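Just so it is clear, the structure is predicted and the values come from calculations on it, not from any experiment.
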Amino acid sequence: MKFEIVHIAPDAILNLRSGILERADRLARITGRRLGMLALLAANVGQVVSKERLWSASHETAHGNVRGGSVESVRTQIAKLRIDLELFGMTVETVQGSGWVMTVGPMPE
């Protein structure tokens with residue numbers, strides 16, 4: 001059973017059907033590979049997620065399979081996702097040799 005809404009924090013949600021990330025009064029559309037990655041990170045806030053799991057999630061978005069790209073493309077997509085999340089007070093930090101971890105801080109002013 002697939003879920004459509006991921007609650008990232010009490011005031012932040014990700015709608016997988018529309019790709020809309022919403023927190024407070026801010027909205028952003030996350031698409032393609034980054035949507036699948038964000039869904040996995042958001043469902044595991046504070047936990048390390050491996051490159052392989054992120055790559056797999058990037059190919060299983062709510063909008064169907066995304067083709068192409070190697071496991072190494074995860075780094076590029078994470079860099080782009082970091083930019084997307086900055087305005088929402090969310091970060092994706094590298095855990096050397098293990099993967100990435102998402103954290104949610106206060107909304108920036």
Side-chain angles (χ1 to χ4, degrees):
M1 179 174 159
K2 287 198 171 207
F3 52 92
E4 291 185 16
I5 302 291
V6 178
H7 293 272
I8 303 169
D11 63 342
I13 62 167
L14 174 64
N15 184 315
L16 296 175
R17 182 172 297 262
S18 66
I20 298 292
L21 172 62
E22 180 178 355
R23 186 171 190 200
D25 61 346
R26 294 184 185 157
L27 300 172
R29 182 176 299 267
I30 310 296
T31 59
R33 291 186 173 111
R34 290 193 302 272
L35 179 59
M37 289 180 172
L38 178 56
L40 181 59
L41 288 164
N44 294 281
V45 170
Q47 299 176 35
V48 177
V49 179
S50 72
K51 182 190 318 183
E52 291 77 16
R53 285 184 65 205
L54 285 166
W55 184 82
S56 179
S58 75
H59 286 69
E60 298 172 2
T61 65
H63 302 290
N65 290 332
V66 177
R67 292 191 167 87
S70 70
V71 175
E72 293 306 314
S73 68
V74 170
R75 287 190 180 109
T76 302
Q77 296 303 319
I78 289 291
K80 292 176 181 179
L81 189 57
R82 285 176 170 148
I83 294 166
D84 294 336
L85 297 178
E86 189 175 335
L87 292 174
F88 293 88
M90 301 174 192
T91 61
V92 179
E93 300 294 327
T94 303
V95 178
Q96 202 64 16
S98 297
W100 289 268
V101 62
M102 181 177 175
T103 58
V104 179
M107 279 290 287
E109 304 245 350

Original post:
Hey, what do you get for CG (Leu81) to CD (Glu86), rounding to the nearest 0.5 Å?
Top reply: 12.0 Å
Original post:
Has the side chain of Ser56 got a donor or acceptor atom that lies under 3.5 Å from a matching backbone atom of Arg53?
Top reply: no
Original post:
Would you say the side chain of Leu21 lies within less than 4.5 Å of the side chain of Leu85, judging by non-hydrogen atoms?
Top reply: yes
Subject >> Partners meeting salt bridge (Lys or Arg N to Asp or Glu O under 4.0 Å) with Arg23 (sequence neighbours left out) >> reply: Asp11
Subject >> same_hphob_cluster(Val6, Leu27) at 4.5 Å side-chain heavy-atom cutoff >> reply: no
Subject >> Donor-acceptor contact present, side-chain Asn44 to main-chain Gln47, <3.5 Å >> reply: no
Original post:
Under 3.5 Å, side chain of Arg26 to main-chain N/O of Leu87, donor-acceptor pair present?
Top reply: yes
Subject >> Nearest-0.5 Å distance that lies between atom CG in Leu38 and atom CD in Gln77 >> reply: 12.0 Å
**OP:** Could you walk me through whether Met37 and Ile30 pass the side-chain contact (heavy atoms from CB on, under 4.5 Å) test, one step at a time?
**Re:** CA-CA 10 Å; Met37 289 180 172; Ile30 310 296; over 6 Å; no
**OP:** Please lay out, stage by stage, how Ile20 and Ile13 fare under the test side-chain contact (heavy atoms from CB on, under 4.5 Å).
**Re:** CA-CA 8 Å; Ile20 298 292; Ile13 62 167; over 6 Å; no
Subject >> Closest contact, heavy atoms only, Met90 versus Ile8 >> reply: CE-CG2, 4.1 Å
**OP:** Looking only at non-hydrogen atoms, find the nearest pair between Ala39 and Leu16 and report the distance.
**Re:** CB-CD2, 3.5 Å
Original post:
About how many Å separate CG of Leu35 and CG of Asn15, when rounded to the nearest 0.5 Å?
Top reply: 9.0 Å
Original post:
Ile78, Val48: one ILVMFWY side-chain cluster at the under-4.5 Å cut-off?
Top reply: no
**OP:** For the residue pair Lys51 and Arg75, establish whether any side-chain heavy-atom pair is separated by less than 4.5 Å.
**Re:** yes
**OP:** Grab the two heavy atoms, one from Asp84 and one from Arg34, that are nearest each other, plus how far apart they are.
**Re:** OD2-NE, 2.9 Å
Side-chain donor/acceptor pairs under 3.5 Å, residues 95-109, sequence neighbours excluded:
{"unit_1": "Trp100", "atom_1": "NE1", "unit_2": "Thr94", "atom_2": "OG1", "d": "3.2"}
{"unit_1": "Thr103", "atom_1": "OG1", "unit_2": "Thr91", "atom_2": "OG1", "d": "2.4"}

